[in-house]
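One structure below.
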Amino acid sequence: VKMEDYEAFIGFDLYETALSSVAQKILSAMRSGDLVDSKNWEESTKTTKVTAKDKKNQPLETKNPNSLTSRASRGPIKLSSQSVTQLTGQMSADQVWKSVTSLAPCSSLIPQCNQKTSVLQQMEQKRKHCLKENMNNEHEQSMNLKRKNITCSSSPETTSKHMPLEKDSCEDDTCLNSEDSRAFRNQLCDVRYLDDLSKLQLMEVLNQAAGLVVTLLYKDGSTQLRDNQARTSSVKGIVMLLKSHIEEDSSSLSSPTCGGALEKNFNSTDRYIYIQTEHFFLWDQEQVAQHLFARRMLLQTLKCKCPVICFNAKNFVKAVLQFLGDDHGNWKQVADFVGLDPRIAAWLIDPSDAIPSFEDLVAKYLGKSIVDKTRSTCGNISQSIVNQNVCVNLKILYSLMMDLCSKLKVYGLWQLFCTLELPLIPILAVMENHKIQVNQEEMEKISALLGARLKELEQEAHFVAGEQFLITSNNQLREVLFGKLKLHLRNQRMHLPRTGLHQQPSTSEAVLNSLQDLHPLPKIILEYRQVHKIKSTFIDGLLACMKKGSVSSTWNQTGTVTGRLSAKHPNIQGISKHPIQISKPQTFKGKEEETVTISPRALFVSSKGHTFLAADFSQIELRILAHLSGDPELLKLFQESDRVDVFSTLTSQWKNIPVKHVTHADREQTKKVVYSVVYGAGYVTSIMGRRRPLPRICAQNQQLRAQAERQAVNFVVQGSAADLCKMAMIRIFAAVATSPTLTARLVAQIHDELLFEVEDTQVSEFAALVRGIMESLQQVQTLELQLQVPLKVNLSAGPSWGDLAPLQEAPNSA
DNA sequence: TCATCTGACTTTCGG
DNA sequence: TCCGAAAGTCAG
């Protein structure tokens, strides 16, 4: 196919023009009836009918094992009638945890960690065994603890203004005649004021807990469960609900409703504790002991063998990490933390749901609103009511998570949740805690230089336009170009693209490019925009994100509908890759060169004794497309040209010139063309079963239909690439965390590129590890994934991100 | 009346 | 072509 033929399609409705054979194949797969209808989708979230529906669909999906729909074989569809009834009710913590551990990321992804699962399982069995023996014993212990707690609260020390431990007047006050029960219901126990024996007992309770529900408490008194305002307050401590084991009660499982079942999940031996994480004066011996104990509790929580439920678990891990101190490889201690996060679960179920609050989720999935006593009473609120609220919310959080777990299983998202999204939580937390150094001095210099250049360009623009106007205003520019100068009339054949909604003449880059020969203004505007973008976003924007000479992005795990990560403050994923050349402003002109090149990525520098190492997949999306479509030409392309760049190969074929004559611009053009075709042509789940609800496909509306189909394809390809990239992160992270010597830190993920900071001496060893892991991803047996096309991995290293040199593979690497 | 905030819109960077 | 973040203008 000639390149020109494809170029002609761009800007037109791809659906109406002839599609490539790949696109056609995928479209026909889509039309075979597996599209998720939004109506069905809504119904399935409301009721449990989905199980029946899935079962009904099974023969349809398995009919064509080679099609894209073959994931049915590992989906949730094969549910026995027994398991269906089980799933429609809430799962117990035990059930969830057995499930999590059986899908533990280590076991499925890191071969050498296989024993870990069995150890976990053994521990689980042992725990069960011990539980029976300790029943009486435990009861005795808790009695002691309770007594202690009460004596504590009468001491003047504990009635601190932050955390009063006075008895609250909760509703069960009257119905319980036992003093012990009352002491533990909805009452926070500040672990600082326990004596040594009680601390020992508490550790034991933690070890034996059936489940933990945690939330951060902030200085302003709010928690993660209620922070509608922008969070400025720092972490003060951690509130934790320790759930004890309940007698297995089969009747509670068969109950499909959650409202009434809430109380059933809790019993009187559940404990609420508070762990302070701030304000330790380390010259005070007593506070040193308190600090140590808090540390032990949190470390124990991290490697807890029961589920830890937390809303926004990443922030919890971050807080713990900051408490532990981020030096000497402390981050490795959070590596195998598994926290169940309802927000992530909800996002998997409906990725288009924009960042829901805890309240939103409770309303959506439990169908009730949270009664907030602190809001109805203005003015002075009793601290005990606040505490009580936290405790109630922790219970609700537990129920919410159990409900979401059941739903994840029903929708076939459980494996994705456990193997990909949950292990990512501590990884992102560690990434956020790591600071990337930035060359501040250089940035300030560049900022001044760019500012001067912008002034020059502004003056030039005003001069050639013959009037003053705001260059950054598209409205004013539109008026000048098309109102005053009437450039669109100078060329009759010119097609004037218009803006999306208002249908006004566009002033986009493409338009300005086409107007370049008619007037000097468009060219000046183009340069102004380029310089302005660099200055405002990459230089000044980055400077605004800096703290003590370094930056650290905030990573959002639930911000996209395709499953990709996103980053902000700064958005490190969006920083220009290619350096730009600008002509020097007059005031900066010396005797030397007239131009200066600026590479925004080069401003990120590795810390002393360390090197940046970047590992990226090459054209992973196209390779996945080749695999999923099975298109012979596409497959051949990747199987043959193992070493040569695919876009260069395509360009040389289309233009009929040797590969070495392909210019950068040609290659970029090809890339544009290829992705236009790719995204013009799917299925609605990624290779890992990630799903996206599509707008209802309406046969009458060609445009909407075409858009939905493009979204579908985009989702499959992008989502699958995101799956593989996340898997790479998890496996590499786990490998480093379990290594006694390696210290490499994951710094950023730019979709198909992973950026690490590595000790200089470990570069080649680490590079070999990374290459091995990334290349092994084309064959992940536990996921029944076997790509027909090889994955290609590029490695590069250097002292700054913008200046990385290709890295040869370490000789004779394992 | 003035300052500030918010949302819609456009553009440009990444993949 | 899709998916993002960010920065800017402008009207309300």
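When the P atom of B:dG15 is taken as reference, atom CH2 of A:Trp555 falls 13 Å away, rounded to whole Å. Residue A:Tyr528 contributes atom OH, which lies 16 Å from atom P of B:dT11 at whole-angstrom precision. Between the CG atom of A:Leu454 and the C1' atom of C:dA7 there is a distance of 13 Å, given to the nearest Å. In this structure, A:Gln530 places its CD atom 10 Å from P of B:dT12, rounding to the nearest Å. Counting to the nearest Å, the P atom of B:dG15 and the CZ atom of A:Arg623 are 16 Å from each other. Residue A:His569 contributes atom NE2, which lies 14 Å from atom C1' of C:dG4 at whole-angstrom precision. Regarding A:Ile539, its CD1 atom lies at a distance of 14 Å from the P atom of C:dG8, rounded to whole Å. What separates CD of A:Gln749 from P of C:dA5 is a distance of 14 Å, to the nearest Å.
Under 4.0 angstrom from either OP1 or OP2 of B:dT11 there lies no side-chain N or O belonging to A:Ser508. Listed pair A:Thr537 / C:dA7 fails the phosphate criterion, with no side-chain N or O lying under 4.0 Å from OP1 or OP2. At least one side-chain nitrogen or oxygen of A:Thr507 sits closer than 4.0 Å to the OP1 or OP2 atom of B:dT11. Side-chain N/O atoms of A:Arg529 include one lying less than 4.0 angstrom from OP1 or OP2 on B:dT12. Checking the phosphate oxygens (OP1, OP2) of B:dT11, a side-chain nitrogen or oxygen of A:Ser506 falls inside 4.0 Å. Contact annotation: A:Gln476 reaches the phosphate of C:dC10 (side-chain N/O to OP1 or OP2, under 4.0 Å).
In this structure, of B:dT11, C:dC3, C:dG8, it is C:dG8 that holds the atom nearest to the side chain of A:His532. Relative to the side chain of A:Ile750, the nucleotides C:dG8, C:dC10, B:dG15 differ in distance, and B:dG15 lies closest. Comparing C:dA7, C:dT9, C:dA5 against the side chain of A:Lys568 picks out C:dA5 as the nearest. The side chain of A:His578 sits closest to B:dG14 out of B:dG14, C:dG8, C:dG4. Relative to the side chain of A:Leu470, the nucleotides C:dT9, B:dC13, C:dA5 differ in distance, and C:dT9 lies closest.
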Footprint string (nucleotides 3-8 of chain B, 5' to 3'): B base within contact, S backbone only, - free, heavy atoms under 4.0 Å: ------

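Atom NZ of A:Lys484 has more than 12 heavy atoms from other residues, nucleotides or ligands within 6.0 Å.
Looking at heavy-atom distances under 4.0 Å, A:Lys577 makes contact with sugar-phosphate atoms alone, never a base. Heavy atoms of A:Ile575 sit under 4.0 angstrom from primed sugar atoms or phosphate atoms, though from no base atom. Residue contacts for A:Arg601: at a heavy-atom cut-off of 4.0 Å it reaches the sugar-phosphate backbone alone, with no base atom in range. At the heavy-atom level, A:Ile572 lies nowhere under 4.0 Å from the strands shown.
Salt bridge present: A:Arg601 and A:Glu753 bring a charged side-chain N and a carboxylate O closer than 4.0 Å. Ion pairing between A:Lys314 and A:Glu432 holds under the 4.0 Å rule for side-chain N and carboxylate O. With respect to A:Lys455 and A:Glu458, no salt bridge is recorded, no charged nitrogen being found less than 4.0 Å from a carboxylate O.
A side-chain donor-acceptor contact under 3.5 Å links A:Gln573 to the backbone of A:Gln749. Remark: the backbone N or O of A:Thr595 is not paired with any side-chain donor or acceptor of A:Ser583 at under 3.5 angstrom. The main-chain N or O of A:Glu444 is never found under 3.5 Å from a side-chain atom of A:Ser447 such that the two would form a donor-acceptor pair. With hydrogens and angles disregarded, no donor-acceptor distance shorter than 3.5 Å links the side chain of A:Thr560 to the backbone of A:Leu565.
Distance check on atom P: C:dC10 versus B:dT1 gives 23 Å, rounded to whole Å.
In this structure, A:Glu479 and A:Glu467 have side chains that are not in contact, with every pair of non-hydrogen atoms separated by 4.5 Å or more.
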